[in-house]
Amino acid sequence: MEKTTHTPPIVVSGIRSTGHLHLGNYLGALRNFVEMQEHYQCYFFIADLHSLTTHPTPDHLQESVRDILAEYLAVGLSPEKCALYVQSDVVETIELYLYLNMNAYLGELERCTSFKDKVRKNPNNVNAGLLTYPTLMAADILIHRADIVPVGKDQEQHLEMARTFGERFNRMYKTELFPAPQAYQSDKPLVKIPGLDGSGKMGKSEGNAIYLFDTPEEIRKKVMKAVSDIGPSEPNQPKSEPVQNLFTLMSHVSTPDTLAHFEGLYNQCEIRYGDMKKQLAEDMVNFLAPLREKIDYYRHNEQLLCEAAQLGAAKAQQSARATLSRVRESIGIKSL
Ligand code: TYM
């Protein structure tokens with residue numbers, strides 16, 4: 001990891017408020033958040049502004065924000081140990097977003113893989129917010145002058161853009177205000193949790209996800225329907241993508257012995273995917289059961305949610321204001 005400028009390092013990360021969190025969010029991001037709050041100065045937020053690109057209804061937006069806050073608390077994030085806040089409560093981010101947009105170029109924004117994907121999937125909703133999604137994300141990160149940004153592999157390019165925008169600002173205004181934010185554990189590969197549909201990553205909009213709040217019955221049903229293949233025809237045959245995905249999921253929720261058992265059966269051409277899925281489903285149910293109970297508790301505790309969000313907003317605003325005043329000074333924005 002590159003040299004950081006803060007002791008302890010400053011950590012920033014967020015999750016969009018578009019429905020419940022899934023296993024990919026948990027294993028790719030949240031689990032690291034929980035560990036990091038013990039050692040670093042952490043800012044974890046709910047990216048409600050980012051979710052506006054898909055135009056949720058006001059009711060749906062508010063419900064999603066509440067659900068995700070409940071899920072943050074349920075996995076063990078503590079409002080005392082870290083700043084747990086809602087993105088729109090820190091309006092300073094939006095001002096920084098505007099400044100960064102002045103030096104974010106159409107070509108680089110259009111080349112962004114997630115933008116190209118969204119254009120392909122929803123050609124009728126190519127709005128400016130979608131194009132400048134990476135600048136808003138960079139503003140989230142830079143507003144706290146983050147050193148580390150724990151994200152899953154799918155956010156790697158966005159993080160690189162945040163580095164580019166921060167460095168560009170530093171160069172342009174001859175300052176060292178922004179550190180170059182690094183992915184968490186840059187010495188280890190970033191995690192990509194696959195979906196149940198045989199290809200790609202688990203995602204909210206892909207319809208292939210196991211949610212932290214799914215009931216045991218829902219989990220069993222989804223896992224039993226997961227895509228596999230017709231089975232290996234010779235020993236030690238390389239696995240097809242759908243089957244590799246099942247093994248990858250198993251590696252995260254089952255014991256090493258269970259994983260080795262099914263690897264063995266696969267390599268000897270004796271595997272029955274039905275049995276493997278049954279085991280995977282039970283291990284997932286057990287893995288998620290304690291979380292589900294806690295999510296339910298926080299979802300019904302409005303007061304705790306409000307207190308957490310208010311405390312988080314106050315902490316995040318303080319840090320954001322300090323950065324923004326230095327940004328304004330660098331740019332030459334001053335009240336006369
Ligand atoms: P979002 O909401 O899509 O995902 C939140 C986090 O979950 C991780 N993740 C995954 N990791 C592994 N496997 C998967 N299948 C998987 N699916 C999701 C994501 O990598 C991410 O860490 N743009 C961000 C939100 C954001 C943000 C930020 C993040 C806004 N501003 C500033 C960090 C810093 C997003 O859409 O994540």
Side-chain angles (χ1 to χ4, degrees), residues 10-34 36 42-54 56 64-65 67-68 71-72 75 77 82-83 85-88 90 93-94 96-97 100 112-115 117-118 129-130 132-163 165-166 178 181-185 188-197 199-212 245 248-249 251-253 316 320:
I10 295 179
V11 174
V12 173
S13 198
I15 297 186
R16 257 174 318 149
S17 49
T18 43
H20 286 285
L21 299 184
H22 54 69
L23 202 59
N25 298 135
Y26 180 66
L27 296 169
L30 270 183
R31 203 172 40 170
N32 293 333
F33 297 0
V34 177
M36 296 183 98
C42 296
Y43 296 89
F44 296 126
F45 63 95
I46 298 164
D48 56 342
L49 298 175
H50 274 107
S51 72
L52 296 179
T53 57
T54 52
S64 286
V65 169
D67 282 346
I68 295 193
E71 285 164 352
Y72 270 177
V75 300
L77 288 179
C82 59
Y85 67 98
V86 182
Q87 187 186 30
S88 57
V90 181
T93 309
I94 306 170
L96 180 57
Y97 166 58
L100 296 177
C112 181
T113 316
S114 64
F115 177 70
D117 265 8
K118 300 241 159 81
L130 204 60
T132 56
Y133 187 105
T135 14
L136 180 55
M137 179 157 159
D140 293 326
I141 295 169
L142 299 174
I143 198 74
H144 300 300
R145 306 178 57 233
D147 303 297
I148 306 176
V149 182
V151 281
K153 183 149 184 64
D154 58 316
Q155 298 295 318
E156 214 172 9
Q157 191 183 26
H158 287 157
L159 181 54
E160 200 178 315
M161 291 173 85
R163 270 197 296 272
F165 296 146
F178 297 123
Q182 303 298 315
Y184 179 45
Q185 295 180 328
K188 286 195 207 148
L190 296 183
V191 176
K192 179 178 150 196
I193 303 300
L196 298 167
D197 54 354
S199 67
K201 65 158 190 165
M202 184 173 287
K204 287 175 195 156
S205 45
E206 285 33 80
N208 63 6
I210 297 278
Y211 293 95
L212 305 186
N245 288 351
T248 302
L249 288 168
S251 74
H252 287 285
V253 298

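In what follows, residues are counted from 1 in the order of the sequence shown. What you see is a predicted model; the values in this text were computed from it and never measured. Both ligands and their constituent atoms are indexed starting at 1 by order of listing.
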Ignoring angles and geometry beyond distance, decide whether [X] reaches within less than 3.5 Å of ligand 1 through its nitrogen or oxygen atoms.
{"X": "I193", "answer": "yes"}
{"X": "R16", "answer": "yes"}
{"X": "F45", "answer": "no"}
{"X": "Q155", "answer": "yes"}
{"X": "Q87", "answer": "no"}

Heavy atom under 4.0 Å from ligand 1: found in [X]'s side chain, backbone, both, or neither?
{"X": "I141", "value": "side chain"}
{"X": "T18", "value": "neither"}
{"X": "A29", "value": "side chain"}
{"X": "H22", "value": "side chain"}
{"X": "I15", "value": "both"}
{"X": "K192", "value": "backbone"}

Sidechain-backbone polar pair: [X] side chain, [Y] backbone, donor-acceptor under 3.5 Å:
{"X": "Y72", "Y": "F45", "result": "yes"}
{"X": "H20", "Y": "D67", "result": "no"}
{"X": "H144", "Y": "A146", "result": "no"}
{"X": "R163", "Y": "P181", "result": "yes"}
{"X": "Q87", "Y": "L49", "result": "yes"}
{"X": "S13", "Y": "P150", "result": "yes"}
{"X": "N208", "Y": "G203", "result": "yes"}

Side-chain donor-acceptor pair under 3.5 Å between S88 and D48, yes or no?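 Per modelled atom types, S88 and D48 side chains form a pair under 3.5 Å.
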Non-hydrogen atom of G203 closer than 4.0 Å to ligand 1: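 Checking ligand 1 against G203, which is what was asked, there is no heavy-atom contact under 4.0 Å.
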T18 and side chain to side chain contact (heavy atoms under 4.5 Å, CB included): which single residue from S64, P56, S51 fits?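 The option that passes is S51.
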Can you report which non-hydrogen protein atom sits closest to [atom], along with the distance?
{"atom": "atom 31 (N) of ligand 1", "answer": "D140 OD2, 2.7 Å"}
{"atom": "atom 26 (C) of ligand 1", "answer": "G14 O, 3.8 Å"}
{"atom": "atom 11 (N) of ligand 1", "answer": "G24 O, 3.3 Å"}
{"atom": "atom 12 (C) of ligand 1", "answer": "V191 O, 3.3 Å"}
{"atom": "atom 19 (C) of ligand 1", "answer": "D154 OD1, 3.4 Å"}
{"atom": "atom 4 (O) of ligand 1", "answer": "N25 ND2, 3.4 Å"}

Set of ring-ring contact (aromatic ring centres under 6.0 Å, His included) partners for H252, sequence neighbours left out: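 Per chain and number, H252 pairs via ring-ring contact (aromatic ring centres under 6.0 Å, His included) with no residue.
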Contacting atoms of ligand 1, where contact means under 4.0 angstrom from a heavy atom of [X]:
{"X": "G28", "result": "11 (N), 12 (C)"}
{"X": "H50", "result": "30 (C), 31 (N)"}
{"X": "V149", "result": "33 (C), 34 (C)"}
{"X": "V151", "result": "20 (O), 22 (O), 29 (C), 33 (C)"}
{"X": "Y133", "result": "23 (N), 24 (C), 35 (C), 36 (O)"}
{"X": "G152", "result": "11 (N), 19 (C), 20 (O), 22 (O)"}

Among H158, E156, Q157, which residue meets the side chain to side chain donor-acceptor pair (under 3.5 Å) test with T113?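 When side chain to side chain donor-acceptor pair (under 3.5 Å) is applied between T113 and each of H158, E156, Q157, only Q157 qualifies.
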To the nearest 0.5 angstrom, please state how far the CG atom of L100 sits from the CD1 atom of I141.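 So the gap between those two atoms works out to 10.5 Å.
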From D197 atom CG to N245 atom CG, the distance as rounded to the nearest 0.5 Å: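 So the gap between those two atoms works out to 8.0 Å.
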Using the test salt bridge (charged side-chain N to carboxylate O under 4.0 Å, His left out), find all partners of K118 that sit at least two apart in sequence or belong to another chain.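 Partners of K118 under the salt bridge (charged side-chain N to carboxylate O under 4.0 Å, His left out) test: none.
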